[in-house]
2 protein chains.
Amino acid sequence: MATGRTHRPATRSRGIPEATVARLPLYLRALTALSERSVPTVSSEELAAAAGVNSAKLRKDFSYLGSYGTRGVGYDVEYLVYQISRELGLTQDWPVVIVGIGNLGAALANYGGFASRGFRVAALIDADPAMTGKPVAGLPVRHTDDLESIIRDNGVSIGVIATPAGAAQQVCDRLVAAGVTSILNFAPTVLSVPDGVDVRKVDLSIELQILAFHEQRKAGEEPGRPAAPAGPVAAAARPAAAPAAPTAPTTSATGSAAAVTAATAGGRKGPEGDVPAVMPA
Amino acid sequence: MATGRTHRPATRSRGIPEATVARLPLYLRALTALSERSVPTVSSEELAAAAGVNSAKLRKDFSYLGSYGTRGVGYDVEYLVYQISRELGLTQDWPVVIVGIGNLGAALANYGGFASRGFRVAALIDADPAMTGKPVAGLPVRHTDDLESIIRDNGVSIGVIATPAGAAQQVCDRLVAAGVTSILNFAPTVLSVPDGVDVRKVDLSIELQILAFHEQRKAGEEPGRPAAPAGPVAAAARPAAAPAAPTAPTTSATGSAAAVTAATAGGRKGPEGDVPAVMPA
DNA sequence: TTGTGTGAAATCATTCACAGCG
DNA sequence: CGCTGTGAATGATTTCACACAA
């Protein structure tokens, strides 16, 4: 954090690690599926497999919430669904607005996963007058002029920004001024917000770039294979040919594709996760 | 990274931490913006601000790539753009396919951020025969029957899954069998893939749930404010009323909204990030 | 003098491994 | 006896703080 205040040790207890919070929705989804199949109890091993994590991590995560399991037996599915829902704040109904009803905004409006949890799309907002009134996902698109009143009338505290990058900060400012304190940003920009406002960012292009990084490494390994079955088409440098270093720096790390070797070879990844690409701020 | 096999210390060197890899695209975007404004050099402080991280982190990140800066001056923008692009594998051209051309798939197809980096949408694929041949974002939608030949003919190694959850695993299996080794999954399911295949997951509903968690906490603080200006509408429990615990467990953590207090009060978070919600596997 | 590059320290997260409850 | 809950060990990431190059 921004040195913000060097807060004390987070008041001891009641402090659930962010990494754990980020996994709770995963567990919740797996549990919901079990619940629908009327499965009464699960072991940490089973649930972990369904959620795609390992059981030690899952048990540790749950230990932050309390002792909701039964030793020698496992966890009561219904009970755990409720506890996690409550912890995440999903026993409340959260009205959200989506600003920017282009392709992505429309997709979000139609996305079923919102309503199935505690989220309700209170309004769709777009700056284009031609869009105003048009029904999208059963809701008439409202004009940006009404943004403030929509926020206040519906008690909205969560906003989703799906506008072009250029409009995002301005929309963000208006949302915040009107009372929104959590923002999910799909626009490829860094938003600046006052203290107390949370921003999470989803960036499709970033996700692909991270995949490309790992993909690139795979090309430089494969000890005894006939060369990669698929791969990038052209290896030509793209915009300009490698600009020369300002003053010919060390450049110790030449790192051609063949230099990698061991990093990703052999049994690369198990079902475990590492670092993500969606982040606050 | 996926640690795969308790590998040794990642071969020493050539091992860029995952957390760093995940931030490189961020730096790249900020640098690209500077480049377009013809800014010749930046300091770590300036670039860090533009990317939304702190400068110590940025310098440490860059130190894994090599020494590309000039002490007392800063970094050459063009040179750094090139170095990061190369490190991420963006000096190559990556053909991708998008499977599932619903609202989201269409939004992705139209998303400009792909082409602007090294990504090229090689094909759009959908299982609905009614969609076949329809132009979306300037490309005719192809039928799922042709998936394998499309992958092979175009040398595709990265696939994007935007199908309903029920179809995702099957699509994934076919992509992998055809040679795809990196998958970006938008379907709300845990995909299982063989070793050597990377999966990244983007889940909109999970992002909102994480925001809701933090939003909920904010309600329980605000020392001297007139109560939150906006918030959840109904506080009623949602599906069933709190299921009783199997055998009445400890339930020490009652955690009503008012119990939080200090956690988010005061200067909560600065522009610094914590934990994300998009993860591999 | 300025701002990079980096060891060392501090923090956070994951994994291990096992005591002990049902 | 099986499986949870959790201290302790390990590993990864962030932050500090400062030597040193330009």
Side-chain angles (χ1 to χ4, degrees), chain A residues 1-4 6-10 13 15-23 41-48 53-76 79-80 245-250 252-253 270-276 279 281, chain B residues 1-3 6-10 13 15-23 41-49 53-76 79-80 245-250 252-253 270-276 279 281:
Chain A
M1 49 123 82
T3 326
T6 322
H7 272 310
R8 85 260 62 157
S13 84
I16 300 176
E18 267 297 315
T20 294
V21 172
R23 280 187 295 265
T41 58
V42 258
S43 66
S44 61
E45 204 69 58
E46 295 163 334
L47 183 54
V53 304
N54 75 37
S55 61
K57 200 187 290 187
L58 177 144
R59 286 200 304 278
K60 178 65 93 178
D61 283 342
F62 286 178
S63 80
Y64 292 118
L65 308 185
S67 293
Y68 295 147
T70 306
R71 291 176 192 227
V73 178
Y75 301 92
D76 181 274
Y79 185 62
L80 201 46
T247 56
T250 328
S252 59
E272 272 332 292
D274 33 335
V275 172
M279 82 281 314
Chain B
M1 50 90 80
T3 326
T6 322
H7 272 311
R8 83 259 66 155
S13 83
I16 300 175
E18 267 297 317
T20 294
V21 171
R23 279 186 297 266
T41 59
V42 257
S43 66
S44 62
E45 204 70 60
E46 294 163 334
L47 182 54
V53 304
N54 75 35
S55 60
K57 201 186 290 187
L58 178 144
R59 286 201 304 280
K60 179 65 93 179
D61 283 344
F62 286 0
S63 80
Y64 292 118
L65 308 185
S67 292
Y68 295 148
T70 306
R71 292 179 190 224
V73 178
Y75 301 91
D76 181 274
Y79 185 62
L80 201 45
T247 55
T250 328
S252 58
E272 274 331 296
D274 32 330
V275 172
M279 81 284 311

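In what follows, chains carry the letters A, B, and so on, assigned in the order in which the sequence lines appear, proteins first and then strands, with residues in each chain numbered from 1.
The side chain of A:Ser43 lies closest to D:dT4 when the candidates are C:dT4, D:dT14, D:dT4. Counting only heavy atoms from C-beta on, A:Lys57 has its side chain closest to C:dT14 among C:dT6, C:dT14, D:dG5. Side-chain proximity of A:Arg23 to C:dA13, C:dG3, C:dT14: nearest is C:dT14.
Atom OH of B:Tyr68 and atom P of D:dA22 are 17 Å apart (whole Å). Rounded to whole Å, the distance from CD1 on B:Ile16 to C1' on D:dT13 is 15 Å. One atom, NZ of A:Lys60, and another, C1' of D:dT4, lie 12 Å apart when rounded to the nearest Å. A:Arg59 places its CZ atom 11 Å from the C1' atom of C:dC18, with the value rounded to the nearest Å. Regarding A:Tyr75, its OH atom lies at a distance of 18 Å from the P atom of D:dG2, rounded to whole Å. Atom CG of B:Leu80 is separated from atom P of C:dT4 by 11 Å (rounded to the nearest Å). One atom, CG of B:Asp61, and another, P of D:dT14, lie 7 Å apart when rounded to the nearest Å. For A:Phe62 and D:dT4, the CZ to P distance is 10 Å, given to the nearest whole Å.
Here B:Tyr79 and B:Tyr68 bring their ring centres to under 6.0 angstrom of each other.
Considering only side-chain N and O atoms, A:Arg71 lies nowhere under 4.0 angstrom from the phosphate OP1 or OP2 of D:dT6. Under 4.0 angstrom from either OP1 or OP2 of C:dT4 there lies at least one side-chain N or O belonging to B:Ser44. Within the 4.0 Å cut-off from OP1 or OP2 of D:dT14, not a single side-chain nitrogen or oxygen of B:Asn54 is found. OP1 or OP2 of C:dA13 has not a single side-chain nitrogen or oxygen of A:Tyr64 nearer than 4.0 Å.
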| request: Using the side chain to side chain contact (heavy atoms under 4.5 Å, CB included) rule, take B:Arg59 and B:Tyr75 through it: C-alpha gap first, then chi angles, then the decisive distance, then the call. | output: CA-CA 10 Å; B:Arg59 286 201 304 280; B:Tyr75 301 91; 3.8 Å; yes
| side chain to side chain contact (heavy atoms under 4.5 Å, CB included) assessment of A:Ile16 paired with A:Leu65 | CA-CA 8 Å; A:Ile16 300 176; A:Leu65 308 185; 3.6 Å; yes
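Along DNA chain D, the nucleotide closest to A:Gly72 and the one closest to A:Ser63 are compared, and the more 5′ of them pairs with A:Gly72.
At least one side-chain heavy atom of A:Leu47 sits less than 4.5 Å from a side-chain heavy atom of A:Leu80. With a 4.5 Å cut-off on side-chain heavy atoms, B:Asp61 and B:Val53 do not count as touching.
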